[in-house]
Every structure is written in C-alpha cells, then in structure tokens.
Protein chains: 2
Amino acid sequence: MTDRNALDTLQRYGIHPSVQRIAIMDYLLKHCTHPTVDEVYVALGKDIPTLSKTTVYNTLRLFAEHGAAQMLTIDEKKVCFDGTVTPHAHFMCKRCGRLMDVQLPGCFQECQPVGADFIVEETHLYYKGICNSCAAKANA
Amino acid sequence: MTDRNALDTLQRYGIHPSVQRIAIMDYLLKHCTHPTVDEVYVALGKDIPTLSKTTVYNTLRLFAEHGAAQMLTIDEKKVCFDGTVTPHAHFMCKRCGRLMDVQLPGCFQECQPVGADFIVEETHLYYKGICNSCAAKANA
DNA sequence: TTATAAATTTGTATTGTTTACAATGCAAAT
DNA sequence: ATTTGCATTGTAAACAATACAAATTTATAA
C-alpha cells in the first residue's frame with residue numbers, strides 16, 4: 001500500500017518540500033485525470049493567488065526527474081502529468097481526448113525489447129482509439 | 001515485402017497524390033531517422049523552393065490520419081514522423097536525443113489491454129534510457 | 001538574534017511550434 | 001471557356017514552454 005500523502009511522497013523521492021510543491025503534489029495525487037500544467041495552475045491559483053506558472057512547470061518537471069511523477073507525451077498538443085508511478089498503461093480517446101489508466105497486460109513483465117543495445121530507464125505503453133462513451137454516442 | 005515507392009504508398013492509403021505529397025512521402029520512406037516537420041521542410045526546400053511549411057504540417061498529419069505514417073510524440077519538444085507503419089517499438093536516448101526503431105518483443109501480439117472498455121486503433125510502445133554509445137562515452 | 005548564503009518562487013520577455021484562415025493556384029469535369 | 005473542388009501558399013495569431021533576473025523565502029552560521 002503506497003502512501004498517497006503529498007509531503008511523505010516528496011520526502012520519499014528526496015524532494016525538498018515547500019508550500020507550492022506540496023500543493024502541486026497533493027493535486028496530482030487527488031486528481032487522477034492526468035492534468036496539464038495549465039490545469040494545475042488554474043486549479044491551485046484559487047488557493048495560492050501568487051502562484052506562478054513557471055513554478056508549476058519547474059515543479060512538475062522536478063517531480064518527473066525524481067521519479068515522483070510521470071510525464072506523459074501522448075497528446076501531441078500538451079504534456080500531461082500522472083501522480084501514479086506504479087507501472088501501468090494508458091488509453092487516449094481520439095474523439096473526446098480523455099486520458100485514462102489501463103492495467104498492464106499480464107504478459108508484459110516478460111516483454112523485454114529484442115536485441116536491445118541500450119539501457120532502459122522508462123517503458124511507456126499506450127493505446128489510442130475510441131472510448132466506450134464516444135462509441136455509444138456515435139450509434140445514436 | 002512492402003512497396004516503398006512513394007506514389008504507390010499514397011495510393012494504397014487512398015491519398016490523392018501531388019508533387020508535394022509524393023516528395024514528402026518519398027523523404028519519409030528514404031530517411032528512417034524519424035524526421036520532424038522542420039527537417040522535412042528544410043530538406044525538401046532545396047528541390048521545391050515554393051514549399052510551404054503549412055503544407056508539410058498538413059501533409060504529415062494527413063498521412064498519419066490515413067495510416068500511411070506514424071506520428072511519434074515521444075520527445076516532448078517536437079513531434080516526429082515515421083514512414084514505417086509495420087508494428088515496431090522505439091527507443092529514445094535521453095542524452096543524445098536519438099530515436100531508433102526497436103523490434104517488438106515476441107510475446108507482444110498477445111499483449112492486449114486488460115478489461116478494455118474501448119476500441120483500440122493504435123498501440124504505442126517505447127523505451128527511454130541511455131544508448132550504448134552515450135554509455136560508452138560516460139565511461140571514458 | 002542577526003547576518004549571510006542558498007534555494008525557491010515570481011513575473012516578464014522571448015522563443016519556437018503549431019494552427020487558422022483567406023487568397024491563390026491548379027486540374028479535372030461540365 | 002467556365003465552373004467546381006481540392007491543394008497549396010503565406011501571413012497572422014494562438015499557445016506552450018523556456019530563459020532570466022529580481023524578489024522572496026528558507027536554511028545555516030556567526
């Protein structure tokens with residue numbers, strides 16, 4: 001059972017805490033919607049009016065570098081962030097743009113790259129297509 | 001053996017050919033370096049001086065929509081394009097930024113998403129890490 | 001406590017990619 | 001020859017992301 005407390009999470013990843021960093025990590029942990037920088041910035045701006053967008057950029061990048069968050073480049077328009085760092089895949093609906101978590105296929109552990117002449121630090125698996133709710137709308 | 005002729009490729013994917021489209025597809029097929037829009041634009045500008053960057057954007061997007069090319073969003077800085085559409089994975093070196101093709105693990109065909117309540121149209125698998133040549137440099 | 005140094009945050013200016021859109025060009029069909 | 005429709009071009013604009021320097025906060029040492 002992983003600890004989803006913002007402060008603890010920061011400390012576990014060796015990130016020095018601050019009001020802004022705790023708030024941003026807290027947002028990530030509580031909103032599994034894969035928010036963009038702007039979404040985090042707008043949402044937290046209500047509580048921290050002085051918050052700078054640059055801080056959100058820097059902080060999310062910092063989290064990703066320390067492995068405390070995942071940077072997702074699935075949508076070519078904007079980078080999204082994911083506070084869940086346990087291995088999982090993603091699905092993006094091409095119609096509504098929603099991004100959701102997907103359990104990894106069971107066989108995936110054994111799926112190592114063939115003839116790899118490189119050191120793997122991150123593995124990314126994602127699917128694109130049409131989500132159920134968009135498919136249902138199309139039939140109406 | 002797939003046909004790597006530009007005109008034939010366009011027709012196979014139902015894309016109406018034009019001088020620009022043929023040139024762009026030809027470039028993709030002959031340069032497996034996963035070029036960006038700008039790289040294609042600069043390279044073809046020598047032969048087609050009137051070429052517009054907008055056309056390159058539109059055309060590569062069109063190719064991707066028709067399945068004649070793959071849009072890669074691995075590097076968060078820029079979108080790359082891949083003329084190879086047979087299933088394969090990618091590796092990006094975090095140090096030198098190079099992007100290369102990787103053979104899919106054999107078990108991957110059976111790797112379907114678990115409990116998928118969506119229609120999969122594309123599957124993307126890639127790795128990030130350090131390539132051999134960068135790792136060698138680090139040891140010097 | 002006070003002074004000093006280090007780290008963090010802020011805000012503005014800037015860069016660079018991508019899109020929107022209107023005008024133009026071109027080729028096939030009538 | 002005219003029309004129709006798609007493709008291309010080029011400019012303007014939107015927008016994400018970064019650079020940077022000033023301001024603020026926090027930590028450390030005297």
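Proteins come first, then strands; the chains are lettered A, B, ... in the order of their sequence lines, and each starts at number 1.
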Polar atoms only, N or O, under 3.5 Å: list the protein pairs with nucleotides 4-6 of chain D and their distances.
none

Which pairs, protein N/O on one side and nucleotides 22-30 of chain C N/O on the other, fall under 3.5 Å?
none

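Proximity of Cys80(A) to Ile74(A): side-chain heavy atoms (C-beta onward) are nowhere separated by under 4.5 Å. In this structure, the side chains of Tyr13(A) and Val85(A) come closer than 4.5 Å at one or more pairs of heavy atoms. Residues Tyr41(A) and Leu51(A) have side chains in contact (heavy-atom distance under 4.5 Å, counting atoms from C-beta outward).
Distance CG (Leu62(B)) to P (dT8(D)): 9 Å, rounded to an integer number of Å. Per the geometry, OH belonging to Tyr41(A) stands 16 Å off C1' belonging to dT18(D), to the nearest Å. Atom pair Leu60(B):CG and dA7(D):P shows a separation of 15 Å (rounding to whole Å applied).
Side-chain atoms of Thr84(A) never come within 3.5 Å of backbone atoms of Thr86(A) as a donor-acceptor pair (strictly under, hydrogens ignored). Looking at Thr73(A), its side chain does come within 3.5 Å of a backbone N or O of Thr73(B) through a donor-acceptor pair. With hydrogens and angles disregarded, a donor-acceptor distance shorter than 3.5 Å links the side chain of Arg21(A) to the backbone of His16(A).
Following chains of ILVMFWY side-chain contacts shorter than 4.5 Å, one can reach Ile22(B) starting from Tyr57(B), so the two form part of one hydrophobic cluster. Linking ILVMFWY residues whenever their side-chain heavy atoms come closer than 4.5 Å, directly or via other members, leaves Val79(A) and Met92(B) in distinct clusters.
Distance CG/Leu60(A) to CG/Asp82(A): 11.5 Å, rounded to 0.5 Å. Put simply, CD on Gln20(B) and CG on Leu44(B) are 10.0 Å apart, with the number rounded to the nearest 0.5 Å. Put simply, CG on Asp101(B) and SG on Cys32(B) are 7.0 Å apart, with the number rounded to the nearest 0.5 Å. Here the CG-OG1 distance, from Leu28(B) to Thr9(B), works out to 10.0 Å after rounding to the nearest 0.5 Å.
Note that the two end axes of the helix from dT1(C)-dA30(D) to dT30(C)-dA1(D) enclose an angle of 10°, each drawn from 5 base pairs, rounded to 10 degrees.
A sub-4.0 Å separation between OP1 or OP2 of dT25(D) and a side-chain N or O of Gln20(A) is absent. In this structure, Ser18(A) does not reach the dT26(D) phosphate: none of its side-chain N or O atoms is under 4.0 Å from OP1 or OP2.
Ring centroid separation for the pair Phe118(A) and Phe91(B) comes in under the 6.0 Å cut-off. Aromatic ring centroids of His34(B) and His90(B) lie under 6.0 Å apart.
For DNA chain C, the residues of residues 42-52 of chain A within the heavy-atom distance limit of 4.0 Å (strictly under) are Thr50(A), Leu51(A), Ser52(A), sorted by number. Residues from residues 65-75 of chain A lying near DNA chain C, meaning a heavy-atom separation below 4.0 Å, are absent.
Classification of Asp8(B) and Arg12(B) as a salt-bridged pair fails, no side-chain N sitting under 4.0 Å from a carboxylate O. The existence of a salt bridge linking Lys78(B) and Asp38(B) is excluded, since no basic side-chain nitrogen approaches an acidic carboxylate oxygen closer than 4.0 Å.
The shortest heavy-atom contact between Asp26(A) and Ala6(A) is N-CB, 3.6 Å.
Within 6.0 Å of atom NZ in Lys30(B), 12 or fewer heavy atoms from other residues, nucleotides or ligands are found, so the atom counts as exposed in its surroundings.
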Quick tally for nucleotides 14-19 of chain C: nucleotides whose base has a protein heavy atom under 4.0 Å get B, sugar-phosphate-only ones S, the rest -, giving ---SBB
